Structures are given as structure tokens and as C-alpha cells.
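The structure appears below as C-alpha cells.
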Amino acid sequence: MSTNVLRTPDGWWAVRNERAVRIETKAVTTAELLADRAAVQEAAASDESGTPVADLVALPPVTTPCRVVAQMVNYRSHAKDSGFTGDIPPTFFRKASGSVSGPHDAIVRPAHVKFLDYEVELGLVMGAPLPVATVVEEQDLPTYVAGLVLTNDVSARDVQLTKTQFYESKSYPTFTPTGPYLALLEPADFAHLLNLRLRLNVNGVPRQDRTLADMIVRPAQALTLLARFQTLAPGDLLLTGTPGGTALKAPPKPVEKISALLPPALKWKAFFKGQAKNPLYLRSGDLITATIATADGRIELGEQRTPVTDAP
């Protein structure tokens with residue numbers, strides 16, 4: 001069974017139900033904690049009653065700086081929403097590690113961003129170096145992946161689309177809420193990954209709800225493709241894509257064909273005029289809740305509760 005680890009301003013904790021036991025470790029970074037698994041196991045097996053989790057302040061369980069890499073359009077439902085047909089080439093992009101924030105921290109919308117969107121995603125936390133040219137088979141996942149985290153790939157769609165700029169549009173501070181838990185997996189847990197269910201609500205209204213079975217490129221293949229050009233180290237984070245249900249959706253095909261004939265400035269002006277009528281984009285005062293778990297509770301990554309606010 002997986003072991004959930006919580007990070008707070010004063011250390012690391014092993015979580016058992018609603019209580020947590022302090023991990024006696026000198027680890028400061030995620031990579032250092034992963035190298036001290038004995039301390040994690042000792043805390044998880046302790047008979048100490050522990051501290052109520054509700055009394056602890058959760059930080060992102062992935063420490064920064066680290067590499068944050070993400071997959072684009074990696075769920076069939078998201079591909080449909082985005083207007084893709086046929087085969088979709090696997091695509092990766094980077095996010096700034098400074099975008100990583102806590103699971104209950106506010107998401108801050110920059111003043112120039114008008115169309116702020118959400119993307120619940122499963123994050124893979126690396127536990128061993130992934131050198132260039134590594135081939136990862138399904139049975140190799142426990143060798144390279146130490147655990148899982150819940151993430152939200154927050155996106156400034158007006159920046160992303162008009163500038164075709166993924167790095168900027170997804171890298172503003174607070175644009176990668178992460179946690180609360182780092183679920184350290186046992187080898188047997190990896191057989192249950194496809195049963196993980198991703199859910200995201202805004203103000204209590206469901207927006208996204210799919211399992212990993214909807215995924216196009218699964219983790220082992222994704223790591224193999226990534227390793228063609230990118231190394232990863234312990235503590236690095238790979239976001240594995242989001243299911244359908246985001247605010248942004250492709251326009252109807254006839255509209256898309258007509259807009260393609262327009263000059264870029266007019267095309268985007270018309271597109272965002274239509275998007276301004278879309279009530280699903282995030283606004284100040286919204287509350288996002290997100291969870292990832294298997295139905296049987298074998299893997300449970302906790303709940304994010306992130307309010308949305310405007311930059312001062």
C-alpha cells in the first residue's frame with residue numbers, strides 16, 4: 001500500500017487516516033527525503049498517536065527548484081474538447097518551478113490575464129535519475145517513479161493561444177498547485193494507476209471527472225519519449241495531462257474554418273469576443289476543489305482547496 005507524506009514548514013510527516021506522525025529525518029528537499037525511505041517507513045509503522053492532519057499547514061510536497069515538465073493533450077476527452085482528430089503526436093512543455101504552490105494557497109490571476117483556466121493532473125515524482133535514451137517498460141516504473149501528487153496546471157489561455165507560448169502562460173507564480181500528499185508507492189501499487197480518478201469542481205460544480213483509462217500516452221511510454229531528449233532527477237515532477245472539461249473548448253468546425261481565413265489579429269479578436277461569454281473561466285472569489293484517488297482508497301492523494309484571487 002502507498003504511504004502518504006505531508007510536508008509542512010517544520011518538516012515531513014507520515015499520514016495515517018486523519019493523523020500524522022513526524023518523520024525523523026534531516027531531509028530538506030524531496031530528493032533527500034526519497035533517499036531516506038527508512039525514516040518514512042519507521043514513522044508510518046509507529047504506534048504514536050500523532051497530530052491531527054487538520055492542525056498542520058501543508059506545503060507543496062515537491063520542493064523547488066526542480067524540473068517541472070508537462071504533457072499536452074494526453075486524454076481522449078481533452079483531445080475531443082480541443083478539436084483534435086486522428087493521431088495526436090506526444091508533446092511536452094516546461095513549467096517554471098516557481099509556479100509550484102501549496103494545495104490550499106490562492107491562485108493569483110495576473111492583471112493582464114482575462115481567461116484563466118484549470119487542468120487537474122496527476123503528477124509523477126521521480127525517485128531515480130532518468131538518463132537520456134532510457135527505455136521504460138511498465139515493469140520498470142517502480143525503478144524510476146517514487147510517488148504521485150495531485151496538481152493543477154493553471155493556464156492563462158489568452159497568453160497561451162495568442163503567443164503560442166506554453167511556458168509563460170503556465171508558469172506564473174501559483175499556477176501549479178501541488179499536494180497535499182506525496183503518495184510513495186510500493187511496486188504492487190503501479191498496477192492500479194489506471195483506476196485513479198481525477199475530479200475537479202469549481203464552487204462545488206463538477207467540471208472534470210475521468211480515470212487514467214482515458215489517457216493516450218501512459219506513464220511508462222511518456223518517460224521513454226521524454227528520455228529521448230531530457231534527463232530527469234529525483235524530486236523532478238512530470239504532469240501527465242488533463243481530462244476534458246476545461247473552460248477552453250475548440251469552436252465548432254464551420255466557425256474554425258471561417259476564422260482561419262482571417263488575419264491573426266482579427267481572428268483572435270473574434271475568438272476572445274466569443275470566449276468572453278463563457279462563464280466557465282475562473283474569476284476572483286472562485287473556489288477550486290480537486291481530488292485524485294482510486295475507488296478502493298488504495299491510492300489517495302488528498303484534496304486541494306484553492307481560492308482564486310486577482311493580483312493586487
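The first residue in the sequence is number 1, and the count goes up from there. As the structure is a prediction and not an experimental result, all values here were calculated from the model.
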Just distance, no hydrogens or angles: give the donor-acceptor pairs under 3.5 Å from side chains in residues 29-36, sequence neighbours left out.
| residue | atom | partner | partner atom | Å |
| --- | --- | --- | --- | --- |
| Thr29 | OG1 | Glu32 | N | 3.1 |
| Thr30 | OG1 | Pro61 | O | 3.0 |
| Thr30 | OG1 | Thr63 | N | 2.9 |
| Thr30 | OG1 | Thr63 | OG1 | 3.3 |
| Glu32 | OE1 | Val28 | N | 2.6 |
| Glu32 | OE1 | Thr29 | N | 3.1 |
| Asp36 | OD2 | Thr25 | OG1 | 2.7 |

Verdict with reasoning, Tyr118 to Val154, per side chain to side chain contact (heavy atoms under 4.5 Å, CB included)
CA-CA 5 Å; Tyr118 49 83; Val154 179; 5.8 Å; no
Could you grab the distance from atom [atom1] of [X] to atom [atom2] of [Y], nearest 0.5 Å is fine?
| X | Y | atom1 | atom2 | value |
| --- | --- | --- | --- | --- |
| Glu186 | His192 | CD | NE2 | 12.0 Å |
| Arg197 | Glu300 | CZ | CD | 13.5 Å |
| Leu238 | Leu124 | CG | CG | 5.0 Å |
| Thr151 | Ile292 | OG1 | CD1 | 6.5 Å |
| Leu226 | Gln221 | CG | CD | 12.0 Å |
| Ser169 | Asp153 | OG | CG | 8.0 Å |

Full working for side chain to side chain contact (heavy atoms under 4.5 Å, CB included) between Phe92 and Gln230:
CA-CA 10 Å; Phe92 299 92; Gln230 167 82 72; over 6 Å; no
- prompt: Can we say Arg22 and Asp10 salt-bridge, meaning some charged N sits less than 4.0 Å from an Asp/Glu carboxylate O?
  reply: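 Judged by the 4.0 Å cut-off on N to carboxylate O distance, Arg22 and Asp10 do form a salt bridge.
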**OP:** Answer yes or no: is there an ion pair linking Arg157 with Asp117, defined by an N-O contact shorter than 4.0 Å?
**Re:**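 Counted as a salt bridge, because a side-chain N and a carboxylate O are separated by less than 4.0 Å.
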- Under the salt bridge (charged side-chain N to carboxylate O under 4.0 Å, His left out) rule, collect the residues that match up with Arg7, sequence neighbours excluded.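 Not a single residue meets the salt bridge (charged side-chain N to carboxylate O under 4.0 Å, His left out) criterion with Arg7.
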key: Side-chain donor-acceptor pair present, Ser171, Lys95, cut-off under 3.5 Å   =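 No, because no side-chain N or O of Ser171 sits under 3.5 Å from a partner of the opposite role on Lys95.
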Measure from the side-chain N and O atoms of [X] to the backbone N and O of [Y], and report whether any donor-acceptor pair falls under 3.5 Å.
| X | Y | value |
| --- | --- | --- |
| Ser101 | Asp105 | no |
| Thr174 | Ile107 | no |
| Thr134 | Pro131 | yes |
| Thr224 | Ala220 | yes |
| Asp214 | Tyr75 | no |
| Thr306 | Ala106 | no |
| Asn278 | Leu280 | yes |
| Arg76 | Met215 | yes |
| Asp236 | Ala233 | yes |
| Thr242 | Val120 | yes |

request  = Kindly determine whether Leu282 and Arg109 satisfy side chain to side chain contact (heavy atoms under 4.5 Å, CB included), including the steps that lead there.
outcome  = CA-CA 9 Å; Leu282 298 170; Arg109 182 182 68 87; over 6 Å; no
Side-chain touch Ser155/Leu116, heavy atoms, less than 4.5 angstrom: no
**Prompt:** Between Phe272 and Phe115, is the ring centre distance below 6.0 Å?
**Reply:** yes
task = Decide side chain to side chain contact (heavy atoms under 4.5 Å, CB included) for Val68 and Leu239; before the verdict, give the C-alpha distance in whole Å, the side-chain angles of both, and the deciding distance to 0.1 Å.
result = CA-CA 8 Å; Val68 182; Leu239 279 58; 4.0 Å; yes
- For Arg218 and Glu138, what are the C-alpha separation, side-chain angles and deciding distance, and is it a salt bridge (charged side-chain N to carboxylate O under 4.0 Å, His left out)? CA-CA 9 Å; Arg218 295 176 180 176; Glu138 290 291 334; over 6 Å; no
Point to revise | Thr51 vs Trp13, side chain to side chain donor-acceptor pair (under 3.5 Å): CA-CA, chis, key distance, verdict | key: CA-CA 9 Å; Thr51 300; Trp13 305 72; over 6 Å; no
